[in-house]
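Because the structure is predicted, anything quoted here is derived from the model rather than measured.
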Amino acid sequence: MTLSGDGGTRHLTDWPPPDAVARTWYLRADHSLSVQPPPDRTGGSVHWPGTHVDYDPADPTPAVGGPILTGRSGPRDQSALEARADVAVFTSDVLAEDLVALGPVSATVHLRAATEHLDVFVRVCDVDPRGRSVNVTDGLVRLAPGAPATAADGTRAVTVELWPTGHRFAAGHRLRLQVSGGAHPRFSRHPGTGDPLGKATTLVRQPREVLHDAAHPTAVTLAVEPRH
C-alpha cells in the first residue's frame with residue numbers, strides 16, 4: 001500500500017500489521033494532546049470542567065474533505081472549519097521524528113450532554129510547520145438513549161472507530177484531533193430528537209461538554225509502525 005504524507009509504500013502480508021504498536025494521545029484542558037494521561041489532582045472525586053462544544057442542526061457543522069462524493073473530497077485544508085465555535089481542536093507538541101500511523105484508529109470521548117440524541121464526530125489531522133491542518137481520518141457515532149449507557153455522574157463514554165489509515169506524520173509536524181457534532185452533508189444532520197431523519201420537523205440544539213480529566217480520559221489511539 002502507498003502511505004499518504006509522503007510515507008512511501010509498504011508490502012504487507014496481513015492487516016492490520018501484526019507488529020504495529022498502539023499509541024495513545026490524551027486530550028488536555030489547554031487544548032493540547034499529550035502521550036501522558038491527565039493528572040489526578042483530586043482523587044477523581046471532583047468534576048473538573050471540560051470543553052464545551054455546541055451543535056446546532058439549523059447551522060450544522062459542515063463536512064470539509066474526507067470520503068465524500070464531490071470535487072472537494074480527500075485531504076483538505078481545515079483552517080476555516082477549525083475556526084468555527086462548534087469544533088474543538090486539540091494539538092500535540094511538534095514531533096521530533098517521523099511517526100507512521102499504519103492500522104486501525106479509535107477514540108474514546110467522555111462527555112456530558114443535555115440531550116441523549118446526538119452525534120459525535122472525531123477527526124485526526126496533520127498540522128505542518130506553517131500551521132496548515134489537513135484531515136487524515138475520521139469517524140462518527142450516533143447516540144441514542146442508553147447507547148452508550150449514562151454513568152452515575154451523568155457522563156457517557158463514546159467509542160468512535162475512525163477509518164484505518166496509512167499516513168506519515170513527518171518530523172516537525174503535529175497531530176491534531178477535532179471533536180464536533182457532525183459533518184454535513186456527508187452525514188445527515190442530527191435533529192436532536194428520536195425522530196427518523198427524513199421525517200424530523202423539530203430541530204434541537206445539542207450542547208455537550210467533552211471531558212478530559214483523570215476520571216474521564218478522552219483520548220485517541222493509533223496503530224503506529226514500530227521504530228527501527
Between [Y] and [X], do the side chains contain a donor N or O and an acceptor N or O under 3.5 Å apart?
X: T193; Y: T202; value: no
X: H212; Y: T51; value: yes
X: R176; Y: T91; value: yes
X: D86; Y: T61; value: yes

Salt bridge or not for D30 and R28, using N-O below 4.0 Å?
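So D30 does not pair with R28 through a salt bridge.
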Taking only Lys NZ, Arg NE, NH1 and NH2, and the carboxylate oxygens of Asp or Glu, determine whether E97 and R227 approach each other closer than 4.0 Å.
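Result for this pair is yes, salt bridge flagged.
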Judged by atom type as modelled, is there a donor-acceptor pair below 3.5 Å linking the side chain of S106 to the main-chain atoms of V160?
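No; zero donor-acceptor contacts below 3.5 Å.
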Sub-3.5 Å donor-acceptor pair from the side chain of E116 to the main-chain atoms of A144, do we have one?
no
Would a single hydrophobic cluster contain both [Y] and [X], if residues Ile, Leu, Val, Met, Phe, Trp and Tyr are joined by side-chain heavy-atom contacts under 4.5 Å?
X: L177; Y: L111; answer: yes
X: V204; Y: L118; answer: no
X: L99; Y: V105; answer: yes
X: V224; Y: V136; answer: yes
X: V210; Y: V124; answer: yes

Please find the pair of heavy atoms, one from [X] and one from [Y], that lie closest to each other, and give the distance.
X: R189; Y: P60; answer: CB-CB, 4.1 Å
X: T155; Y: D153; answer: OG1-OD1, 2.7 Å
X: P226; Y: A20; answer: CD-CA, 4.4 Å
X: A101; Y: L222; answer: CB-CD2, 3.6 Å
X: V53; Y: A88; answer: CG2-CB, 3.7 Å
X: A214; Y: P38; answer: CB-O, 3.6 Å

Show me the pairs that pass side chain to side chain donor-acceptor pair (under 3.5 Å) and involve residues 130-147, at least two apart or across chains.
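Passing the test, one end in residues 130-147: Q78-N135, E82-S133, D119-R142, R123-D138, D128-R130, D138-R186.
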Quick check for you: to the nearest 0.5 Å, what is the distance between [X] atom [atom1] and [Y] atom [atom2]?
X: D93; Y: S34; atom1: CG; atom2: OG; result: 7.5 Å
X: S180; Y: Y55; atom1: OG; atom2: OH; result: 8.5 Å
X: Y26; Y: L33; atom1: OH; atom2: CG; result: 12.0 Å

Mind checking who shares a hydrophobic cluster with [X], ILVMFWY linked at side-chain heavy-atom distances under 4.5 Å?
X: L12; answer: M1, L3, W15, V100, L102
X: V87; answer: V64, L81, V89
X: L140; answer: F121, F187

Suppose we screen for side chain to side chain contact (heavy atoms under 4.5 Å, CB included). Which residues come up paired with [X], at least two apart in sequence or across chains?
X: T159; value: T108, E161
X: A85; value: none
X: A171; value: D98
X: P18; value: D14

Partners of F169 by ring pair (Phe, Tyr, Trp, His ring centres under 6.0 Å), sequence neighbours excluded?
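Expected list: H167.
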Non-neighbouring partners of H31 that pass ring pair (Phe, Tyr, Trp, His ring centres under 6.0 Å), sequence neighbours left out
F90
Partners of R23 by salt bridge (Lys or Arg N to Asp or Glu O under 4.0 Å), sequence neighbours excluded?
none
Go through the structure and list residues passing salt bridge (Lys or Arg N to Asp or Glu O under 4.0 Å) with D195, not counting sequence neighbours.
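In terms of salt bridge (Lys or Arg N to Asp or Glu O under 4.0 Å), with neighbours along the sequence ignored, D195 is linked to no residue.
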Side-chain contact, heavy-atom cut-off 4.5 Å: [X] with [Y]?
X: R168; Y: S4; value: no
X: C125; Y: Q178; value: yes
X: T24; Y: V35; value: no
X: P145; Y: H117; value: yes
X: R156; Y: R112; value: no
X: P37; Y: P217; value: no

Per the salt bridge (Lys or Arg N to Asp or Glu O under 4.0 Å) rule, which among R208, R205, R84 passes with D54?
R205
